Amino acid sequence: MRVDNRLADGAPMRPLSCERCAAQVLVRKSSWQQTSVQWDGRAMAVCAEREAAGEAFEGCGSLRETIREAALRGAIELVDGGGAAR
């Protein structure tokens with residue numbers, strides 16, 4: 001996966017693997033309310049929730065929880081500096 005460092009504030013996207021299916025995506029957590037996720041073909045192919053939802057896919061709850069836990073542990077940074085988790 002190629003890490004995208006083009007964001008204006010300098011905080012890059014970081015690779016993160018879903019704890020449920022191991023799909024690896026690039027993630028950037030700007031704040032507790034805003035998360036950017038970049039999927040590649042391999043991640044889309046292995047995501048269990050994406051496969052189950054088909055064209056109705058609106059996001060992966062397992063990946064969302066993995067991202068939240070990673071932010072709480074400090075494994076991925078919050079660009080806005082943190083604050084209480086919501």
Side-chain angles (χ1 to χ4, degrees):
M1 235 181 225
R2 180 181 62 83
V3 176
D4 187 346
N5 291 321
R6 296 173 294 164
L7 300 169
D9 61 14
M13 295 188 87
R14 302 278 183 213
L16 185 69
S17 295
C18 178
E19 292 182 8
R20 177 177 178 200
C21 67
Q24 186 177 35
V25 297
L26 293 176
V27 176
R28 180 177 189 267
K29 191 92 176 111
S30 297
S31 68
W32 287 109
Q33 297 78 28
Q34 203 283 324
T35 304
S36 299
V37 178
Q38 187 175 27
W39 294 77
D40 66 11
R42 184 164 195 242
M44 289 188 292
V46 299
C47 176
E49 290 185 37
R50 186 177 202 102
E51 182 178 332
E55 290 188 31
F57 182 74
E58 293 185 13
C60 177
S62 297
L63 180 61
R64 189 170 24 258
E65 184 60 23
T66 297
I67 294 167
R68 181 182 170 283
E69 290 299 319
L72 287 170
R73 289 191 320 267
I76 57 172
E77 68 179 292
L78 263 65
V79 176
D80 77 355
R86 308 212 194 230

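Predicted model, so just to flag it, every value in this text is computed and none were measured.
With rounding to the nearest 0.5 angstrom, the CG atom of Leu72 is 9.5 Å from the NZ atom of Lys29. For the atom pair CZ of Arg68 and OG1 of Thr35, the computed distance is 11.5 Å after rounding to the nearest 0.5 Å. Taking CG from Leu78 and CD from Gln33, the interatomic distance works out to 9.0 Å, rounded to the nearest 0.5 Å.
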Full working for side chain to side chain contact (heavy atoms under 4.5 Å, CB included) between Thr66 and Val27 | CA-CA 11 Å; Thr66 297; Val27 176; over 6 Å; no
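Scanning both residues, Pro15 and Gln24, for their nearest heavy atoms gives CB-NE2, 3.2 Å. Considering every non-hydrogen atom in both Ala43 and Val25, the closest pair reads CB-CG1, 3.9 Å.
Between the Ser31 side chain and the Asp80 main chain, no donor and acceptor come within less than 3.5 Å of each other.
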Output side-chain donor-acceptor pairs under 3.5 Å for residues 46-63, partner residues at least two apart or in another chain, one line each.
residue	atom	partner	partner atom	Å
Glu49	OE1	Gly61	N	2.8
Glu49	OE2	Arg20	NH1	3.3
Glu49	OE2	Ser62	N	2.9
Glu49	OE2	Ser62	OG	2.6

